K.L.:
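Before we start, here is the structure in question, set down as structure tokens.
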2 protein chains.
Amino acid sequence: MAKTQTTSASLDLLLEIKGRRRAGLTDALREAVRSGRLAPGTRLPASRALAADLGIARSTVTECYAELVAEGWLIARQGSGTAVAPRTEPRPAPPVPAVPPVHGLTPGSMEFADFPRAQWLASARRAMAAAPYSAFGYGDPAGSPELRVALADYLSRVRGVRTGPGRIVVCSGFHNGLGLVARALQARGVRAIGVESYGLGLYRALLADLGLGIPALAVDEGGARTGDLRELGVGAALLTPAHQFPTGVALSPERRLAALEWAHGSGGYILEDDYDGEFRYDRRPVGALQGLDPERVVYFGTASKSLAPALRVGWIVLPEDLVPDVLAAKGRVELVSVLDQLTLADFIASGRFDRHLRARRQTYRRRRDELIAALALAAPAVRVTGMAAGLQAVLELPAGTERATVEAAARRGLMVSGLAEYRHGEPEARDALVVNYSTVSDTAWEGALRVLSGVLA
Amino acid sequence: MAKTQTTSASLDLLLEIKGRRRAGLTDALREAVRSGRLAPGTRLPASRALAADLGIARSTVTECYAELVAEGWLIARQGSGTAVAPRTEPRPAPPVPAVPPVHGLTPGSMEFADFPRAQWLASARRAMAAAPYSAFGYGDPAGSPELRVALADYLSRVRGVRTGPGRIVVCSGFHNGLGLVARALQARGVRAIGVESYGLGLYRALLADLGLGIPALAVDEGGARTGDLRELGVGAALLTPAHQFPTGVALSPERRLAALEWAHGSGGYILEDDYDGEFRYDRRPVGALQGLDPERVVYFGTASKSLAPALRVGWIVLPEDLVPDVLAAKGRVELVSVLDQLTLADFIASGRFDRHLRARRQTYRRRRDELIAALALAAPAVRVTGMAAGLQAVLELPAGTERATVEAAARRGLMVSGLAEYRHGEPEARDALVVNYSTVSDTAWEGALRVLSGVLA
């Protein structure tokens, strides 16, 4: 209940007083000062006068004034009573930046439909019940031991990664992990990191912002031309061996070996971005490059594709001698939610992760088949390339039509990416769309597929 | 079921084959290569011979070999069959770094007993049920809008902070937030940030590592001597106004105003670390300094003290013109778990946070009273200083006895901090213990108090 009172003391003080007496008066006065109704410099009524006006004890007013003086709203000047403190006026706060409602088929789409909410909560409940008091502290800067143990087993089993928990450093996703490793390598004197001639500009920008050179390694149907690494003059190379992003080809066996030979011979490192290694549909996945040479390959994995970007959890499997350097780059304070780490550890160890991945693989494979079938009907000239794997497909377009196609789709409310967005130092332009079929809901997928068929027809 | 088979082909190949035929053979061969039982360079049996040996189709063996060649375990040489690929041997992984079982009363203790597990799960369930698909994407780099709206309301109501959601940037804790703001200020030409002469070395190290000067501002019973800021030659000052860390004094009203006058006159910024502003027991909390001048004060809050460090969530309320700079320092990718942010938003908006804080305040107040009572009995000469607030108390010791007392406690299994750990550029040494009573369980607290009384007696 609010009651409004007018004081007749040395100034008219309209106070809306709520709740308990002293707290109510303090709040009302503070609000009056904050809102500017009581301008800086304004003298307040003597405590005796205000107390009489409001019919409350003088000590209540004195305490209220003292509190606001302590907070800095009022100033008490000897001999001249209490006044509103001088202060600068705030400008109005800017509006909240709007999150754009992107419903589309671009990689890295803001929408993510398939998060296993109930299963995740079940793991959160188990993790919370099992966690000792120490689990709620600042955490191990390398990542929670529980998660690193679960990851070591999982990565060895599913991706052929050779590691124990001691080589794993948890990070907040690939972008964060790449930054940590790049800084560690930079501290060791690395001046340039080779990147594939198609890839995400965000990662190139991260490396370039650190002051690193980012010469391009050409990508063709056999993946990155790792035989060229020798001439590139780099200390490391960032590759997507299992499923090149975004062209979708696998690094050929010869080029896998060439990459390792270069690393071994030059003392360089392969940075293996295994962003979608779990998603292969036609056959068993090709194991990680890291399994062949754990001392020369830095393996990066992420929950952003297999669970959801919102988790902000990724992992790095490091050559033994890089572990201290990357921990130093990470700093002494863990960044990643320990609660999420413990939940993910249970999610993996309980088998929920494997079941979830199986279901996701079926969905994505079905969508890929639907994409191929729809295009065969609507636009038989459009070839779908890239392996039967991963989260996106590449649709080859007639030369010179890429930009117009992306724009035509956008006009019909469909966001797709052109291959040009990902090109870096690649002289030969290819016209193509990159279609990510992994993040939207089934309903959105059906609608998007109809629009895409229409645009390409 | 595993069956063991020995091949009599060109080499003896002991393969433990599990499960489905091709997958089983591939796994067994990969394992034999990985474990070193098949040394690099070893030639494998011809596919026809191995197939006959195992009683399986030759095509199965061919496919298996091809898969392992694709993975890089084997190499196929024209005319000379298939052999184990050359590779370097892995060194054994280092052991998992042990998390030290610290059960003590040091600030920043690894133990954290009071996390509201059931209530947090209830909020997680609600947040998960309400979240749209877009909530599972990469997230708004400023932090989830839901959390920023909840924080704006909470901080205004409880701490007198003047903000809308648009000035708030979510970070992974104070350490991360301070780094972001320091880098933003550095990009604007700030070369030094004043720090209190008592404080956490971790934060000073963070600033110094960025190349910033960190001159000290003396702390006495009125808090930091902000009147000295003018001569310090800094572009910003890091203060703990509500409850100086670790000495426990409040910044006096005059010094609050002096700090703001300095900032206003010089164009400098006050960095207000409000780490435990919610924890005041005797009276209503002094409002945040930010409420007096939102354009010159950067306000930092954290869930590490009020909920748990494991959450890794903090928040920065920024002067409007610093928002873009801090977002640029944070980068284009959110670091903080979006799921935790949504859960925290519900935890605050549902009133659970307020209830949790009330309960915590009662616990901490009781512990503070128990500490005073126990010392009055066992060590009446030891004076407890610092306000009736916050998470820790300061126990004044006779001159020259601090180190011996800390060591005596450690010998009896009790970790406490001496004030010397926190001193920076402060000529006048004071001997005292800093006793954090907020993180341990009730049982541990009782035991710790007994040991402490014994040590000080």
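Small disclaimer: the values here were computed from a predicted structure and weren't measured.
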K.L.:
Out of curiosity, Arg255(B) CZ to Leu289(B) CG, how far, rounded to the nearest 0.5 Å?
P.N.:
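So the gap between those two atoms works out to 13.5 Å.
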
K.L.:
Mind checking ring pair (Phe, Tyr, Trp, His ring centres under 6.0 Å) for Phe115(B) and listing every partner two or more places apart, or none if nothing turns up?
P.N.:
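Applying ring pair (Phe, Tyr, Trp, His ring centres under 6.0 Å) to Phe115(B) gives Phe136(A), Trp120(B).
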
K.L.:
What part of Pro241(B) gets closer than 4.5 Å to chain A, counting heavy atoms only: side chain, backbone, both or neither?
P.N.:
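Contact with chain A: none, neither part.
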
K.L.:
Salt bridge check, Arg162(A) against Glu295(A): does any charged N sit closer than 4.0 Å to a carboxylate O?
P.N.:
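Result for this pair is no, no salt bridge flagged.
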
K.L.:
Between Leu260(A) and chain B, which part of the residue has a heavy atom less than 4.5 Å away: side chain, backbone, both or neither?
P.N.:
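Contact with chain B is absent: no heavy atom of Leu260(A) under 4.5 Å.
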
K.L.:
Examine whether an atom of Arg256(B) lies under 4.5 Å from a heavy atom of chain A, and if so say whether it belongs to the side chain, the backbone or both; otherwise answer neither.
P.N.:
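Answer is side chain: those atoms of Arg256(B) sit under 4.5 Å from chain A.
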
K.L.:
Out of Val336(A), Val333(A), Val313(A), return the one with the most heavy atom pairs under 4.5 angstrom to chain B.
P.N.:
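Between Val336(A), Val333(A), Val313(A), the count favours Val333(A).
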
K.L.:
Which region of Ala129(A), side chain (C-beta onward) or backbone (N, CA, C, O), has a non-hydrogen atom less than 4.5 Å from a non-hydrogen atom of chain B, or is it both or neither?
P.N.:
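Contact with chain B is through the backbone of Ala129(A) alone.
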
K.L.:
What part of Glu261(B) is in contact with chain A, defined as an atom under 4.5 angstrom from a non-hydrogen atom: side chain, backbone, both or neither?
P.N.:
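For Glu261(B), neither part sits under 4.5 Å from chain A.
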
K.L.:
Can a donor-acceptor pair be found between the side chains of Arg126(A) and Thr343(A) at a distance below 3.5 Å?
P.N.:
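On atom types as modelled, these side chains do not qualify, holding no pair under 3.5 Å.
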
K.L.:
Rounded to the nearest 0.5 Å, how far does CG of Leu251(B) lie from CG of Leu257(B)?
P.N.:
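Answer for the CG-CG pair, Leu257(B) versus Leu251(B), is 9.5 Å.
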
K.L.:
Knowing that exactly one of Leu74(B), Val84(B), Val33(B) qualifies, which makes a side chain to side chain contact (heavy atoms under 4.5 Å, CB included) with Leu68(B)?
P.N.:
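For Leu68(B), the side chain to side chain contact (heavy atoms under 4.5 Å, CB included) check succeeds only for Leu74(B).
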
K.L.:
Going by salt bridge (charged side-chain N to carboxylate O under 4.0 Å, His left out), name the residues that satisfy it together with Arg125(B), two or more places apart in sequence or in a different chain.
P.N.:
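In terms of salt bridge (charged side-chain N to carboxylate O under 4.0 Å, His left out), with neighbours along the sequence ignored, Arg125(B) is linked to no residue.
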
K.L.:
Specify which of Cys171(A), Gly173(A), Gly160(A) makes the most heavy-atom pairs with chain B at under 4.5 Å.
P.N.:
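Max contact count across the listed options: Gly160(A).
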
K.L.:
So which part of Ser156(B) gets closer than 4.5 Å to some heavy atom of chain A, the side chain, the backbone, both or neither?
P.N.:
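The answer is both parts of Ser156(B).
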
K.L.:
Determine the option with the most heavy-atom pairs under 4.5 angstrom with chain B, choosing from Ile168(A), Leu342(A), Leu202(A).
P.N.:
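Highest number of pairs under 4.5 Å: Leu202(A).
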
K.L.:
Contact part of Leu307(A) toward chain B, heavy-atom cut-off under 4.5 Å: side chain, backbone, both or neither?
P.N.:
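Answer is neither: Leu307(A) stays 4.5 Å or more from chain B.
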
